[in-house]
Number of protein chains: 2
Amino acid sequence: MPIVSSKTAPATGFDRHNHRRCIQHGVRFATHACEQAGLQLTPARQRVLEILLSEHRAIGAYDILDRLREDGFNSQPPVAYRALDFLVQYGFAHKIERLNAFVACSMPEIQHAPAFLICRVCSVVAETHPELNRGALGKTARDAGFVMEQCVVEVEGVCPNCR
Amino acid sequence: MPIVSSKTAPATGFDRHNHRRCIQHGVRFATHACEQAGLQLTPARQRVLEILLSEHRAIGAYDILDRLREDGFNSQPPVAYRALDFLVQYGFAHKIERLNAFVACSMPEIQHAPAFLICRVCSVVAETHPELNRGALGKTARDAGFVMEQCVVEVEGVCPNCR
DNA sequence: GCGTAGATGTTATACTATATCATCTATGAA
DNA sequence: TTCATAGATGATATAGTATAACATCTACGC
Ligand SMILES: [Zn+2]
Ligand SMILES: [Zn+2]
Ligand SMILES: [Zn+2]
Ligand SMILES: [Zn+2]
């Protein structure tokens, strides 16, 4: 009964789990990190983070805006975009370019360049951190003399629950 | 004087090269491929491909539209988007999600999942084909039971010419 | 002649994101 | 205290990206 030792990162989001913990952890981590760093996790910012944390799916800025409106927040577009900019800038959320939408970070405590596995059936977005510098793409970039700074990696496919 | 044997794909776009050949090759290949496959490379589609081939940079749909207008083509948005949809569908061009813009494919004769190295200084976009299935990301996906279908890989950084 | 499929014409609209300037508040220096 | 500053928010307008919907045209095969 061989134990396969894997050095690769797992994907967070497809497996069953106690999602309340995701939400709690996300909010608590952001709260503490902001205190430490002297950043302001204002009500609107925290509420947007909570909305993003509510599920492992990408949510568009205007959907977020609708939910803010329901909660009594001011709901002009800049409100959502400013909060999202803050959350993305400090690593509490990520933008999914392919979907023009946003997800909460699943591992904000780890410094990472994220990659996403997006199920085209159920829309769940799982996050992982593949260290692309170490693979073939990193070698290609080095050979070309290209300095990698920001990576967008978004894979569309079918998740284990939808097969 | 060791010769380093590399199995990784090179990046096309940063090096000096005879760019006329890129353009000629791109148009000719598309012409022949469309003949073979019974597809119509109509004047608007061919012109959009030529515009994209004119440089190794990403061009937005509305910039393309401006150039079509200069050439006397009808220039409502659907004209550009329809031509782009065609070119992307059959692999003659790619969309860069991060830039909401499009590039001509640098290797249409190869069946490939592309990856892009985007210089944030000069905006040149180099294309490569990294076979992500074979690396850490592929392993993560397999371990998670995720079936990869479409990959978006877009790296922003600084190219060798801008360092 | 006729039906079909693919391409194009045309108009309108939806969706995503940012610019700009005013205002408010907390903080800290003078 | 007074004032300057930085960060956050309010408010309005606009820019930028993409698609829906329906009409028309053309080439092809029957
Ligand atoms: Zn969860
Ligand atoms: Zn993350
Ligand atoms: Zn070239
Ligand atoms: Zn390509």
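Sequence lines set the chain letters: A, B, ... in the order given, protein chains first and strands last, and positions in each chain run from 1.
As rounded to whole Å, 19 Å separates atom P of C:dT16 from atom CZ of B:R98. At whole-Å resolution of the value, CD in A:Q76 and C1' in D:dG10 are 8 Å apart. If you measure from atom CD1 of A:I96 to atom P of C:dT16, you get 14 Å, rounded to the nearest angstrom. The nearest whole Å value for the distance from the CD atom in A:Q89 to the P atom in D:dG7 is 11 Å. One atom, CD1 of A:I59, and another, C1' of C:dC15, lie 17 Å apart when rounded to the nearest Å. The CG-C1' distance, from B:L41 to C:dA7, rounds to 13 Å in whole Å. C:dG6 atom P lies 11 Å from atom CG of B:L39, rounded to whole Å. The separation between B:F73 atom CZ and C:dT8 atom P is 10 Å, rounded to whole Å.
Listed nucleotides: C:dT16, D:dG10, D:dA18. Nearest to the side chain of A:Y81: C:dT16. Nearest to the side-chain atoms of B:K95 among the listed nucleotides C:dA7, D:dT9, D:dA18 stands D:dA18. For A:N74, the side-chain atoms get nearest to D:dA11 when compared with the rest of C:dT8, D:dA8, D:dA11. Among the nucleotides D:dT19, D:dT9, C:dT8, the one closest to the side chain of B:P78 is D:dT19. Minimum atom distance to the side chain of B:R45 is reached by C:dT8, of the listed C:dT8, D:dT19, C:dT18.
In the displayed structure, B:R134 atom CZ is contacted under 6.0 Å by at most 12 heavy atoms of other residues, nucleotides or ligands.
Phosphate contact (OP1/OP2 of D:dA18, side-chain N/O of B:N100, threshold under 4.0 Å): present.
Contact annotation: the side chain of B:Q150 never approaches that of A:R120 to less than 4.5 Å [non-hydrogen atoms, C-beta and beyond].
The base of C:dG9 is paired with the side chain of B:R82 by a donor and an acceptor separated by under 3.5 Å. The base of C:dA17 lies close enough to the side chain of A:Y62 for a donor and an acceptor atom to sit less than 3.5 Å apart.
Between B:L41 and the choices B:Y90, B:F92, B:F86, the side-chain contact (heavy atoms from CB on, under 4.5 Å) rule is met once, by B:F86.
Formation of a donor-acceptor pair under 3.5 Å by the B:T128 side chain with backbone atoms of B:P10 is found in this model. Remark: side-chain polar atoms of B:H25 are not paired, donor with acceptor, to backbone N or O of B:M107 under 3.5 angstrom.
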